[in-house]
Amino acid sequence: MPSELATVVLAAGKGTRLKSDHAKVLHHAAGLPLVAHVLRAVAPLRSAKAAAPAWVVVGHQADLVRYIVEGFGARTVLQRPQLGTGHAVAQALRVLPRSVRRILVLPGDAPLIRTDTLRALLGLHRQGGYAATILSARLEDPAGYGRIVRSESGSVEGIVEQKLLQPDQSGLREVNSGMYCFERETLAAFLGRLGRDNPHREYYLTDVIALIRGQGGAVGACLAPDPDEILGVNTRAELARVDALLSRRKAEALMAAGVTLYQPETLAIDPDVAIAVDTVIERGVELRGATRIGRRCRIGAFSILENAVIGDDVIIRAHTLVYNSRVAAGASVGPFAHLRDAADVRQRARIGNYVEVKKSVVGEGTKAQHLTYLGDATVGRDTNVGAGTITCNYDGVNKNPTVIGDRVFIGSGTELVAPVRVGSGGYIAAGSTVTENVPRDALAIARSRQLNKPGWARTRRQKLAAAKARKEEPPMGVQLSNARQRPAKHAKKPALRKRRK
Ligand code: UD1
Ligand code: CA
């Protein structure tokens, strides 16, 4: 099938105004590089008549940008040196297949654009029979954008860049989004005629519009229904703004779909996050990447979930971190818990405060409620992991596994020195350092025996009191809080700190 339409995304610029070492289009908003948002908006257009992939014009940090955009199915064309938006499109035209008759041009730095708006632009272009159609918007503050110049009859005559505005044009509010649809033949013909007579000495794509009009060609303009959609990122302040708008847009979609968000403006939610109905998200929560959350969950304030898969009826309490991990239905986690690296918390399990779970399975109904580290562990069902239990999974070279069966009781303060297994039904005395396997249903006590010295403490108190009364030095080995302390004879003098040269 010949592909009639191709998309060209301009992403070769350095982004000088960001003052960054990184290419502008690789800066992230809502968890994705700016250019990735653009490619995602374009992707659904391909299923229509247009079968060609998007072409991205790369230049600054070309290798890195190429690597990223190829991950989104795009092809690239190199623009070097970068001589302006008109020059960038010209490079793309040289490599587009002959079958491409129509070209959608998009800037790589405007991540809020929606597929439907692009469809409207393409629709108007086709219906109007235009040689070029501009997506425009009316902005309260048009600073920084090229302005659409219309004739008295309302027809589009050209685009004037901010720096070249005439005094009588300063009131123009309709701006150029930098998104256009062109007939390929017309575009090719006029790109060749662009000059560089402007403050940046660049070939401006925008100048093509006036050239087309000068030859009697028809130019259309499609007004974006939501002006935010065309916002571009030239500065850090604009980056922050589009990031917040993307999150806000996602929050609104979630609320419309039956999710409760308290103070949605305090949330950071990436576009691919999915949440089922009647889940409640408390304030200050960050939901990142491909996080999926089931029904009737509660995600506590200031928690961060990244690529988390959360079942139904889960409670995540405040200040909990979940990275690349799963929590099954009916489980609860937190507050102040940390799940990471494929932690797998099964149904109705309970992970409490200050518990870290790394690359471990926590079986159904199992509890680890306080101050625990489970790393590289597999814990069966209905097991109780006492407060302060630690898997000693790292021997300085390797990570070793701990396997704990079902209905095990692990006393508080246990250290499990991996590799080690605790059989189902086993019982570990509090404070044990377990270095050997514990058989099924066995009791393991792995700590030194307690020694009680009757009356020792009373005697000590009496000695101290007597010494104080005599204003003597306290007996050897005892320090009174107010006692004058002499340095021991063998104490070293504090070493003088070496001066830096
Ligand atoms: C451009 C438009 C302006 C419009 C605005 C919308 C021109 C001359 N001006 O201005 O009318 O209102 O976008 O956001 O087109 N790029 C290249 N190669 C280059 C130069 C730029 O690939 O040689 C890329 C950039 O990486 C960027 C995009 O083109 O993604 C737009 O360039 P930018 O410098 O941001 O243009 P603006 O000044 O914003
Ligand atoms: Ca821009």
Side-chain angles (χ1 to χ4, degrees), residues 7-18 20 22-27 33-39 54-62 64-66 68-69 76-93 105-113 132 134-139 141-149 156 158-165 169 172-180 182 187 191 194-211 221 224 227-239 241-242:
T7 301
V8 173
V9 178
L10 308 185
K14 183 171 189 301
T16 313
R17 289 162 280 182
L18 275 181
S20 172
H22 311 299
K24 172 162 71 173
V25 297
L26 297 186
H27 282 257
L34 294 174
V35 67
H37 288 280
V38 178
L39 292 173
W55 292 80
V56 179
V57 182
V58 300
H60 190 72
Q61 289 193 332
L64 201 52
V65 179
R66 184 179 292 126
I68 298 290
V69 301
T76 60
V77 49
L78 188 65
Q79 181 201 18
R80 199 167 267 166
Q82 292 93 45
L83 300 177
T85 47
H87 179 253
V89 173
Q91 309 314 303
L93 277 189
V105 174
L106 304 174
D109 65 352
L112 288 151
I113 189 63
I134 307 164
L135 182 71
S136 70
R138 288 190 176 281
L139 295 187
D141 176 13
Y145 291 87
R147 312 298 154 78
I148 308 288
V149 180
V156 176
I159 300 171
V160 183
E161 291 304 295
Q162 162 104 7
K163 283 196 176 156
L164 297 168
L165 283 175
Q169 293 173 323
L172 295 175
R173 286 280 172 279
E174 189 184 2
V175 305
N176 169 30
S177 67
M179 307 179 201
Y180 329 75
F182 291 103
L187 182 61
L191 279 178
L194 287 180
R196 300 161 77 178
D197 184 16
N198 55 58
H200 290 118
R201 313 281 312 136
E202 286 185 351
Y203 297 101
Y204 284 173
L205 178 60
T206 45
D207 288 345
V208 161
I209 301 300
L211 291 175
D228 284 349
E229 276 188 56
I230 69 110
L231 292 178
V233 173
N234 297 317
T235 64
R236 303 269 176 172
E238 287 168 345
L239 181 65
R241 179 149 182 241
V242 301

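Positions are given from 1, in the same order as the sequence printed here. Start at 1 and go down the list; that is how both ligands and their atoms are numbered. Computed from a predicted structure; not experimentally measured.
- Protein heavy atoms are found inside the 4.0 Å sphere centred on atom 20 (C) of ligand 1.
- Of all the heavy atoms in Met179 and Ala110, the pair that sits closest is CE-CB, 3.7 Å.
- The protein heavy atom nearest to atom 23 (O) of ligand 1 is Gly84 N, 2.7 Å.
- Taking CG of Leu239 as the reference point, atom CG of Leu18 lies at 6.5 Å (rounded to 0.5 Å).
- For ligand 1, the atoms closer than 4.0 angstrom to any heavy atom of Ser177 are 6 (C), 14 (O).
- Residue contacts with ligand 1: Val175 is excluded, as none of its non-hydrogen atoms falls under 4.0 Å.
- At the top of the distance list for atom 7 (C) of ligand 1, counting protein heavy atoms only, stands Thr85 OG1, 3.5 Å.
- Between Leu164 and Pro199, the shortest heavy-atom contact is CD2-CD, 3.7 Å.
- Set against the non-hydrogen atoms of Tyr204, the atoms of ligand 1 under 4.0 Å away are 8 (C).
- Heavy-atom contacts of Ala88 reach the following atoms of ligand 1: 17 (C), 18 (N), 22 (O) (cutoff under 4.0 Å).
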* To do: Please assess Val208 against Phe182 for the test side-chain contact (heavy atoms from CB on, under 4.5 Å), listing each intermediate value before the final yes or no.
  => CA-CA 10 Å; Val208 161; Phe182 291 103; 4.1 Å; yes

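- Nearest protein heavy-atom neighbour of atom 12 (O) of ligand 1: Asn176 O, 2.6 Å.
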* Evaluation steps, side-chain contact (heavy atoms from CB on, under 4.5 Å), between Glu202 and His87 -> CA-CA 8 Å; Glu202 286 185 351; His87 179 253; over 6 Å; no

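- Comparing heavy-atom distances from atom 24 (C) of ligand 1 across Leu10, Leu135, Val35 singles out Leu10 as nearest.
- The shortest N or O to N or O distance between Ala12 and ligand 1 is under 3.5 Å.
- Judged by the shortest distance from any of its heavy atoms, Ala110 lies outside the 4.0 Å radius around the atoms of ligand 1.
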* Run the side-chain contact (heavy atoms from CB on, under 4.5 Å) check on Val25 and Ile68 step by step: do they pass? -> CA-CA 10 Å; Val25 297; Ile68 298 290; over 6 Å; no

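- One N or O on the side chain of Gln79 and one on the backbone of Gly84 form a donor-acceptor pair closer than 3.5 Å.
- Looking from atom 16 (N) of ligand 1 to the surrounding protein, the closest heavy atom is Gly13 N, 3.8 Å.
- Around the Ca ion (ligand 2), protein atoms of type N, O or S found under 3.0 Å number 2.
- A pairwise comparison of heavy atoms in His60 and Gln82 identifies N-NE2, 3.7 Å as the closest pair.
- Each of the atoms 23 (O) of ligand 1 lies under 4.0 Å from some heavy atom of Leu83.
- Residue-ligand proximity: Arg17 is placed with a non-hydrogen atom under 4.0 Å from ligand 1.
- Every residue two or more places apart in sequence or in another chain that forms a side-chain contact (heavy atoms from CB on, under 4.5 Å) with Thr85 is listed here: Leu10, Leu205.
- Pairing each heavy atom of Thr206 with each of Glu161, the nearest pair is CG2-OE2, 3.3 Å.
- Looking from atom 11 (O) of ligand 1 to the surrounding protein, the closest heavy atom is Glu161 OE2, 2.6 Å.
- Distance alone, capped at 3.5 Å, is enough to place a donor-acceptor pair between the Ser177 side chain and the Leu135 backbone.
- Side-chain contact check for Ile134 versus Asn176: some heavy-atom pair is nearer than 4.5 Å.
- Ligand 1 places these atoms under 4.0 Å from at least one heavy atom of Lys24: 35 (O).
- Of the protein's non-hydrogen atoms, the one nearest atom 13 (O) of ligand 1 is Gly178 CA, 4.5 Å.
- Against a heavy-atom cut-off of under 4.0 Å, Gly146 is close to the following atoms of ligand 1: 3 (C), 4 (C), 11 (O), 12 (O).
- Nearest protein heavy-atom neighbour of atom 18 (N) of ligand 1: Gln79 OE1, 2.7 Å.
- Residues Lys24 and Leu34 approach most closely at O-CD1, 3.5 Å, considering heavy atoms.
- For the side chain to side chain contact (heavy atoms under 4.5 Å, CB included) with Tyr145, the qualifying choice from Leu172, Ile230, Ile159 is Ile230, the only one to do so.
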* Asked: Would Val77 and Val8 count as a side-chain contact (heavy atoms from CB on, under 4.5 Å) if you check the C-alpha gap in whole Å, the side-chain angles of each, and the deciding distance to 0.1 Å?
  -> CA-CA 10 Å; Val77 49; Val8 173; over 6 Å; no

